[in-house]
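Worksheet: the structure to be examined is printed underneath.
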Amino acid sequence: MRHLIRSATLLIVSLTLHGPAALAEETETTRNAYAAGYLANFACSAVFNANKDWNAIQRDELTGIYPLIAEQVTQLEPEINHAEKWVRVAYDNGAYTRLSVWRPRLGCVDLPVGATLASIEQLDQPFPRTEVSHHDDGAPWQADVSVLSAAQQQALQQVVDQAFSKHYGSGARTSAVLVANTETILTERYAEGFTPTTAQRTWSVAKSIGASVIGVAVQQERITVDEPAALENWSHPLDPRGTITLEHLLHMASGLDSNRAGNRTDRVYMGGGLVSDTATETALEVAPGSRWKYANNDTMLALRTLRERFTDTNEYLRFPYTELIDKIGMQHTFLETDWQGDFILSSQVWTTARDLARLGLLHLQNGRWNDEQILPANWVEYISTPAPAQPPTTSPGYGAQWWLYNERFPELPDDTIAARGNRGQFLVLVPSKNLIIVRRGYDLAGEPGFNEHDFTRDVLKALEATQSQ
């Protein structure tokens, strides 16, 4: 059956571009396959990770999305099997189908074109089948701790009110806001229909989660950031990609060709493609470390580097959970994979505002949790150190899978860092202020999204309010 799935992948390779640089070359069938895959995955994840109904999914996950497939998605209908936890979407007048399957802890995995329901039994199942809990006890924060004055509370309330309006962007649609420090959650609000246990996709905030998984492996001495990635696909002595280090990948400086837009990895995200036959196959374009270029492939390759240090797939799939997620109580977090067990931690994580705040808290505590050093003690310093090659000065700077709001943004403290994702996902940390800020949303493609810089600035001002104001 594994040969069936691989053969199906070869079919989609023949139908699909190896990158989005020339959209005109994509056939109508390929675009339809992408649309069906997008719908299958988002419906599956939203139903089984987040317990959402179809009306809510249409409102949130399926509006204001990637223009390449937006129109096609509206013309398709998902078949949702609640008992077996899969979603199937037919396209091209029923000639083909796309299938997304939920697994405990791992969320939904997209199968390739050609896969059938019989293919599901070939998927790795590292966790026992359990139902998703819809409870979050708020630990480790103390709900009864009051650390704000009346003036601060009022000022912060006004800023949060603005976050749920169009104040920070005309295309902004906020679903959750949470502000916390190491002692307590200072404020927390959700849009109608959302709760502290409603997971949603992180998009590229997942990159910083992926860096945290790498950090755990570094702490455990499974890997070092300065060692070559040494991927099997790059092992030939004539292959110049052998000089790419894990740090190059964390810095978005692999030097690999990732097409004009490095954030467009449609074949993996929507096409049922594999990390191992897409990200690992691109050629070197410039010397590793000489250029910063935002590329989803670099993140996927960083995690692939870690994966190849494991000999057992299920052991690898359990590693982020047993060594990070479960230890810090990220109770509603799903790290999704491709169908051969590579985490797609460039985007495909579903989690909650509280769980992101827990990850932020781990960083504010210098990687320590319940007397255990989970991340290296200097990990925050490492991810906050500007990479040798940097983005244009019009954007935040870049460290190791985290964005840096250093001297480029004088209104914010120099140590401000952020995990940032599509559609307005933000986890902002200000270590000098002992502050964690989370904003989740469904911002509309093509319109100005939520401005996390201005929101962070206003939160900081609100917390400086005095009783006399």
Side-chain angles (χ1 to χ4, degrees), residues 204 206-236 239-258 262 265 268 275-276 278-311 313 315-317 319-320 323-324 335 337-338 341-347 349 363 367 374-391 397-404 417 419:
S204 287
K207 293 176 169 67
S208 303
I209 299 173
S212 303
V213 174
I214 296 291
V216 173
V218 170
Q219 172 64 17
Q220 296 183 5
E221 299 183 347
R222 289 177 175 265
I223 201 167
T224 62
V225 296
D226 57 357
E227 68 184 70
L231 298 182
E232 183 179 357
N233 278 23
W234 303 346
S235 61
H236 193 282
D239 195 330
R241 296 175 297 181
T243 63
I244 298 172
T245 66
L246 176 57
E247 185 166 76
H248 289 143
L249 298 170
L250 294 174
H251 283 167
M252 293 291 185
S254 67
L256 293 168
D257 174 18
S258 54
T265 42
V268 173
V275 171
S276 61
T278 54
T280 64
E281 295 291 335
T282 57
L284 202 65
E285 190 172 46
V286 299
S290 66
R291 175 193 69 187
W292 182 90
K293 183 180 180 183
Y294 190 78
N296 292 334
N297 282 345
D298 280 14
T299 307
M300 288 189 276
L301 289 169
L303 273 297
R304 177 70 193 185
T305 298
L306 178 60
R307 193 256 176 91
E308 292 195 10
R309 294 343 186 234
F310 286 76
T311 58
T313 298
E315 181 188 3
Y316 173 66
L317 291 174
F319 176 77
E323 304 305 314
L324 174 66
L335 313 181
T337 77
D338 68 19
D342 274 302
F343 287 110
I344 308 176
L345 288 182
S346 51
S347 179
V349 173
H363 284 75
I374 296 176
L375 298 173
N378 67 343
W379 191 248
V380 172
E381 178 185 357
Y382 176 70
I383 62 174
S384 303
T385 299
Q390 284 290 300
Y398 208 75
Q401 301 287 296
W402 286 78
W403 295 89
L404 314 180
I417 65 174

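Across every non-hydrogen atom of Glu281 and Ser276, the tightest pair is OE2-O, 4.1 Å. Across every non-hydrogen atom of Gly399 and His251, the tightest pair is O-CD2, 3.2 Å. Minimum interatomic distance between Val349 and Ala206 (heavy atoms only, all atoms of both residues): CG2-CB, 3.6 Å. Nearest approach of Thr282 to Leu256, heavy atoms of both residues: O-CD2, 3.6 Å. Closest heavy-atom contact between His363 and Ile383: CD2-CD1, 3.7 Å. Residues Gln219 and Pro376 come closest through the heavy atom pair OE1-CA, 3.2 Å.
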Ile344/Thr337 under side-chain contact (heavy atoms from CB on, under 4.5 Å): CA gap, chis, key distance, verdict: CA-CA 5 Å; Ile344 308 176; Thr337 77; 5.5 Å; no
Step-by-step side-chain contact (heavy atoms from CB on, under 4.5 Å) determination, Leu246 to Leu306: CA-CA 9 Å; Leu246 176 57; Leu306 178 60; over 6 Å; no
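Atom CZ in Arg307 sits 11.5 Å away from atom CG in Leu231 (nearest 0.5 Å). Note: Ser204 OG to Asn296 CG = 5.5 Å, rounded to the nearest 0.5 Å. One finds the CG atom of Leu324 at 6.5 Å from the CD1 atom of Ile374 (value rounded to the nearest 0.5 Å). Rounded to the nearest 0.5 angstrom, Ile214 CD1 and Gln401 CD are separated by 8.5 Å. Here the straight-line distance linking atom NZ of Lys293 with atom OG of Ser254 works out to 9.0 Å at 0.5 Å rounding. Note that CZ of Arg304 and CG of Asp298 are 15.5 Å apart. Values are rounded to the nearest 0.5 Å.
By the 4.0 Å N-to-carboxylate-O rule, Glu323 lies too far from Arg222 to be salt-bridged with it.
Tyr294 and Tyr398 have perpendicular rings, their planes meeting at more than 60° on a 0 to 90° scale where under 30° would count as parallel.
In this structure, the side chains of Asp342 and Leu303 stay at 4.5 Å or more apart for every pair of heavy atoms. Under the 4.5 Å side-chain criterion, counting only non-hydrogen atoms from C-beta, Val216 is in contact with Leu375. Between Lys207 and Trp403 there is no side-chain heavy-atom pair separated by less than 4.5 Å. Within the 4.5 Å cutoff, the side chain of Met300 has no heavy atoms near those of the Leu249 side chain. Using a 4.5 Å cut-off on side-chain heavy atoms (C-beta onward), Pro386 and Leu404 make contact. Leu250 is listed as a side-chain neighbour of Val225, based on a closest heavy-atom distance under 4.5 Å.
Checked by atom type and distance alone, the side chain of Arg241 pairs as donor or acceptor with a backbone atom of Thr280 at under 3.5 Å. Counting only distance, with no hydrogens or angles, the side chain of Arg291 and the backbone of Ala287 share no donor-acceptor pair below 3.5 Å. In this structure, Glu227 contributes its side chain and Thr224 its backbone to a donor-acceptor pair below 3.5 Å. No donor-acceptor pair closer than 3.5 Å links the side chain of Trp379 to the backbone N or O of Ser212.
Remark: of the listed residues Phe310, Tyr316, Phe319, Tyr316 is the sole one forming a ring-ring contact (aromatic ring centres under 6.0 Å, His included) with Phe343.
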